[in-house]
**Q** 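Handing you this structure, nothing more for now.
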Amino acid sequence: MKTFRCEFARAAIFTQYTPLQKAILLIALAIAASGMLLCHSALVAAEHAPQISEKVRREHPRIWLTPDDWQRFSFRREEANFPAGEYEDLRRFAYSQSFNPNLWVTPDQAIATLVVFVMEKQNPKLRPRIDRFTDYLCTAEGDSWTRPRMLKALAITYDWLYPLLSPKEKDRLRRRMQNLVTAMKKEYRHSDYNNHVYLEYGPLVYAALALAHEEEWADELLVECDQMLKRHFIPTLNQLGGGKPGRIGEGGWHESMSYFSFFAYELAHQMEAWRTATGEDLFAMCPGLGGAGRWLLYCTRPFDSSFAPIADIETPARWGHQETAYLWLLAQRYQDPFAQWVANHTPLRYPFHIWPKILWFDASIREVQRESLPTGCLFPGVGWASFRSDWGPEAIWGVFVCGDSFAGHQHADQNSFVLSAGEELLVDAGQYGAKATEFHNTLLIGGGQRVLGNDPRQFVGPTVPEGPFDTGDILAFQENPRFTMVVGDASNAYGRFEKDRRIDPRPTFLRRLLCLKPDVLVLDDYVVPPTPATPVSVLFHFPQTPVIDGDIIRYTGTKSSLEMLRIWPPSLPAEASTVSDEVAGQQKRQSTRVTITLPNQPVQRSLWVMAVGKADQPPDLKDRLKVLSATAEMISLSIRLAEGSTVQLDLPAPDWTQATIAYKGDPIISTDRPWPLAAGVLPFTAEGLALIERWDRAYHAGNRPPWDTGRPSSDLRQAIAEKWLQPGQALELGCGTGTNAIYLAQQGFDVTAIDLAPTALAIARQKAQKAGVNVRWLLGDVLNPPVYLPKFDCVYDRGCYHGVRRTAAAEYLATLRRVTKPGSRVLILAGNANESGTGGPPRVREEEIREDFSRDFHILRLEPTRFDTPSSDRQGALAWTILLERKATP
């Protein structure tokens with residue numbers, strides 16, 4: 001017995017049986033499912049149906065419109081900025097004789113006519129037209145794809161026309177909906193990570209809401225839908241799309257952008273139906289869906305407005321009616337300017353696709369000003385990073401992929417990327433069904449990465465670290481007005497697993513992609529193969545055959561050109577071969593694969609510099625690039641960019657976190673010290689970049705901010721003198737220019753120090769060199785520290801906690817839990833709310849401190865003290881000395 005159907009199958013068909021028959025049937029099902037997940041959901045439904053059905057309004061309409069909406073809806077035409085021209089197109093369709101018997105189309109046409117019927121104040125001239133659609137949907141056969149669409153249109157017809165329907169018409173619609181529900185429940189229950197489940201099971205919501213209080217099976221179905229939405233659909237979108245309640249996510253979906261569009265509008269409609277019928281705002285529970293507009297905006301190719309060609313997709317696939325079907329709604333529910341921008345710029349082909357705009361368009365929501373946005377964006381839930389040189393149609397643009405595996409439409413493509421500039425330059429040769437690593441711009445290490453089945457993960461849940469689905473992690477992301485950097489770890493994507501146990505040695509594969517705007521990219525790979533004899537090959541895929549000249553690869557298209565220079569290892573042959581395979585019965589796109597096989601060594605490195613130019617003005621990297629030093633452990637480069645400035649990169653391996661960048665002759669980022677590159681994921685939204693700039697500006701031009709006294713903090717010196725903190729592994733949060741971190745190192749601690757301000761860290765590195773101590777300096781976000789940090793014996797924080805507590809207390813506490821272990825000590829200096837007057841550092845009350853830390857830490861000391869000031873003879877503001885010890889793990 002296939003028990004994976006049972007999670008949602010709350011069996012509306014049971015209502016035709018007596019209670020005794022139901023019990024017998026359930027026992028039989030349990031016996032048949034011996035040792036597997038039992039289907040007990042009908043009993044759960046019976047128990048909880050009354051309380052859930054009471055959430056549904058008894059009056060109609062319920063779906064998308066309330067009774068008040070029904071009365072006011074026709075007056076929308078009088079609102080300023082009402083899309084009158086588009087409505088007239090929709091209206092002409094509704095009054096026409098146009099009828100498409102294709103069941104992918106007919107339900108949309110029926111709903112479009114219903115929207116006009118309401119807008120036209122229930123004009124009886126439209127009833128014959130509505131009845132024609134209803135008759136057809138009540139008799140057509142349908143299949144697993146179209147029955148849910150039919151059910152949706154019939155439920156809306158029943159709900160919106162409820163007072164106008166005769167008892168016979170209502171009975172007919174009820175019976176038809178029950179038949180469709182029964183047929184839908186017999187279909188295979190796909191994974192929470194598979195688009196099918198949202199399309200084939202999600203529309204059960206409409207029948208449950210339309211017939212609540214009228215049919216026992218519908219009340220039972222409500223329980224199923226409640227759990228389906230809240231335990232499966234919404235958590236999955238939140239896991240992949242990111243965000244948290246009150247803050248919408250970045251967006252993203254692993255199966256490809258086209259598959260997301262295929263189902264996302266249906267899910268949004270289901271959530272809106274639930275909201276209008278029950279009053280529960282599922283959008284507030286689902287910040288992950290709120291990032292859809294951002295994802296679409298960043299991951300659409302500039303030159304042809306088509307989706308990023310990643311995972312199962314046939315290119316070009318462009319924005320269309322599926323986007324406008326839900327983005328007007330998301331713009332309204334999330335007040336999201338990204339969704340508004342995409343919806344405003346999406347063309348519609350057919351007039352019957354206009355109805356979502358008539359329902360949900362809100363002219364008060366201003367679309368985002370795209371040209372003012374950062375040009376790079378991370379989508380951490382799916383492990384996509386988008387980068388571009390600018391927002392123009394000919395911009396250099398690409399997407400880098402390194403994330404977990406969730407469902408079978410994904411490819412074995414971790415640490416791969418695509419690149420375009422007015423046309424494709426480096427392509428994903430996989431397209432639909434060609435999942436193997438050999439089709440992607442990444443590495444073969446012995447062979448390809450694991451290719452997983454269609455539904456390898458049934459229900460939503462976290463990825464087990466080092467398990468079979470932990471195929472990639474974005475270790476670092478940094479967006480800056482002059483560059484975008486991403487670091488991916490695809491080590492665990494290689495090798496075989498038996499169930500959850502690895503049976504092959506695990507390699508190491510770290511890849512850094514650095515986009516130096518406007519025209520240069522640096523690709524740096526660090527590899528430790530499972531054995532020195534394991535072959536490692538670098539793969540690049542081009543639309544046509546490039547020219548290979550020693551260490552240089554040149555590709556020229558119709559508009560653009562790409563030159564790639566291999567810096568390390570030098571003097572390796574490159575082989576070009578044509579890729580044109582038939583996969584899953586479909587002929588794949590033809591491309592040319594260039595393969596560079598690295599020499600067999602215990603540790604391997606591959607570094608390329610790429611430059612993009614016009615087809616008739618190709619870049620000449622050799623004239624613009626100087627290799628200052630090149631070994632497997634350290635590569636230093638000086639690169640002149642197209643706009644004239646020069647960048648120096650120092651790229652050590654294996655500790656990639658210590659890489660630096662310095663610009664010369666650039667008015668935006670020129671600095672007399674090399675900046676560290678990010679060691680973790682930094683804030684990358686416009687607000688986040690402004691925060692980084694604000695903190696960093698305090699150190700510009702030799703300035704010393706007021707909190708930087710230039711000597712070790714008194715509370716830290718006391719803690720060392722009185723042995724509150726013992727030498728061991730220490731982490732300083734918000735280290736600034738490093739005075740306290742250097743002091744800890746001088747006292748025998750093994751110190752890691754993290755800060756968000758690159759200029760401060762650049763100063764700290766120089767101070768540590770002068771002092772002759774070693775500190776591991778990390779450019780990172782205290783609220784989102786690098787994922788690879790170990791558990792520390794002690795943590796010091798002078799001023800972070802009080803600065804972030806009011807807006808990000810949960811994130812700060814999560815950081816402390818992440819970097820400590822039972823017995824770890826944490827010393828915090830924070831502003832004291834007992835200070836009189838105004839100004840000075842942020843302040844915290846004693847009860848707030850106890851509330852924040854008591855769950856996870858013993859509070860060993862909580863004493864008033866004073867901040868130090870730059871002048872040693874003057875005390876600063878009132879403060880708290882907080883000494884914590886991490887409790888034993890329960």
Side-chain angles (χ1 to χ4, degrees), residues 79-83 86 241-243 246-252 257 261 283 287 289-308 318-320 323-324 326-348 356-357 360-380 384-399 420-422 477-484 515 517-518 643 667-669 682-694 696-697:
E79 295 175 359
N81 299 313
F82 177 77
E86 289 162 297
R247 185 186 304 171
I248 65 174
E250 295 80 16
M257 297 179 74
S261 293
F283 295 96
L289 183 60
R294 183 191 299 268
W295 190 48
L296 289 166
L297 188 60
Y298 272 96
C299 295
T300 295
R301 293 195 307 205
F303 71 90
D304 67 352
S305 298
S306 67
F307 296 148
R318 297 183 173 88
W319 300 345
E323 282 70 39
T324 57
Y326 75 101
L327 288 175
W328 303 117
L329 175 59
L330 296 196
Q332 186 178 116
R333 294 289 160 255
Y334 294 105
Q335 295 293 293
D336 180 37
F338 289 90
Q340 194 83 340
W341 195 99
V342 176
N344 280 340
H345 292 81
T346 301
L348 289 175
K357 185 170 187 177
W360 297 307
F361 174 68
D362 185 346
S364 69
I365 300 168
R366 301 301 179 189
E367 64 179 40
V368 70
Q369 298 301 304
R370 189 181 62 165
E371 286 68 23
S372 67
L373 292 172
T375 54
C377 192
L378 177 65
F379 304 91
W384 288 29
S386 172
F387 58 92
R388 66 178 69 212
S389 57
D390 56 67
W391 285 99
E394 305 297 312
I396 296 172
W397 170 91
V399 174
S420 71
F477 183 81
Q478 183 175 7
E479 170 59 17
N480 183 281
R482 303 303 279 118
F483 64 87
T484 304
C515 176
K517 307 163 194 176
E643 35 69 40
I668 299 177
I669 199 174
L682 297 188
F684 49 85
T685 64
E687 297 79 11
L689 293 179
L691 176 68
I692 295 173
E693 171 60 23
R694 178 166 65 85
D696 196 64
R697 195 184 306 119

**Q** Could you please spell out the steps behind the side chain to side chain contact (heavy atoms under 4.5 Å, CB included) verdict for Glu323 and His345?
**A** CA-CA 10 Å; Glu323 282 70 39; His345 292 81; over 6 Å; no
**Q** Check whether any side-chain N or O of Gln340 sits under 3.5 Å from a backbone N or O of Ser364 as a donor-acceptor pair, and report yes or no.
**A** no
**Q** Which heavy-atom pair separates Glu643 from Pro518 by the least distance, and what is that distance?
**A** CG-CD, 3.5 Å
**Q** Taking side chain as C-beta onward, heavy atoms only, is Leu348 less than 4.5 Å from Lys357?
**A** no
**Q** Just by modelled atom types, is the Asn480 backbone N or O under 3.5 Å from a matching donor or acceptor in the Lys517 side chain?
**A** yes
**Q** Among Phe379, Trp295, Phe477, Tyr298, which residue meets the ring pair (Phe, Tyr, Trp, His ring centres under 6.0 Å) test with Trp384?
**A** Trp295
**Q** Got more than 12 heavy atoms from elsewhere within 6.0 Å of CZ, Arg370?
**A** yes
**Q** Which heavy atom of Ser261 sits nearest a heavy atom of Leu296, and at what distance?
**A** OG-CD2, 4.5 Å
**Q** Could you measure the distance from the OG1 atom of Thr324 to the CG atom of Asn344? Nearest 0.5 Å is fine.
**A** 11.0 Å
**Q** Less than 4.5 Å apart, side chain to side chain, heavy atoms only: is that true for Glu86 and Phe361?
**A** no
**Q** Taking C-beta and beyond as the side chain, do Cys299 and Phe307 meet within less than 4.5 Å on heavy atoms?
**A** no
**Q** Verify the distance criterion only: is there a donor paired with an acceptor across the side chains of Arg318 and Ser305 at less than 3.5 Å?
**A** no
**Q** Determine the minimum heavy-atom distance between Gly243 and Glu250, stating which atoms define it.
**A** N-OE1, 4.2 Å
**Q** Judged by atom type as modelled, is there a donor-acceptor pair below 3.5 Å linking the side chain of Glu479 to the main-chain atoms of Thr375?
**A** yes
**Q** Can you name the nearest heavy-atom pair linking Thr484 to Ser386, along with the distance?
**A** CG2-O, 4.5 Å
**Q** Below 4.5 Å, heavy atoms only, C-beta onward: do Val342 and Thr300 meet side chain to side chain?
**A** no
**Q** Which distance, rounded to the nearest 0.5 Å, do you find between the CD of Glu367 and the CD1 of Ile365?
**A** 11.5 Å
**Q** Taking side-chain hydrogen bond (donor to acceptor under 3.5 Å, both in side chains) as the test, write out the residues that go with Ser372, two or more places apart.
**A** none
**Q** Using modelled atom types and a 3.5 Å cut-off, is there a donor and acceptor pairing between side-chain atoms of Asp696 and backbone atoms of Ile692?
**A** no
**Q** Does Trp397 reach the main-chain N or O of Pro302 with its side chain, forming a donor-acceptor pair under 3.5 Å?
**A** no
**Q** Rounded to the nearest 0.5 Å, what separation is found between the CG atom of Leu297 and the SG atom of Cys377?
**A** 9.0 Å
**Q** Judged by atom type as modelled, is there a donor-acceptor pair below 3.5 Å linking the side chain of Ser389 to the main-chain atoms of Ile396?
**A** yes
**Q** Does any part of the side chain of Asp362, heavy atoms only, come nearer than 4.5 Å to the side chain of Trp328, both counted from C-beta?
**A** no
**Q** For residues 330-337, which side-chain N or O atoms pair as donor and acceptor with protein atoms under 3.5 Å away, sequence neighbours left out?
**A**
unit_1	atom_1	unit_2	atom_2	d
Gln332	NE2	Trp360	O	2.8
Arg333	NE	Glu272	OE1	2.9
Arg333	NH2	Glu272	OE2	2.9
Tyr334	OH	Phe283	O	3.3
Tyr334	OH	Cys286	O	2.6
Gln335	NE2	Gln332	O	3.0
Asp336	OD1	Phe338	N	3.3
Asp336	OD2	Ala339	N	2.9

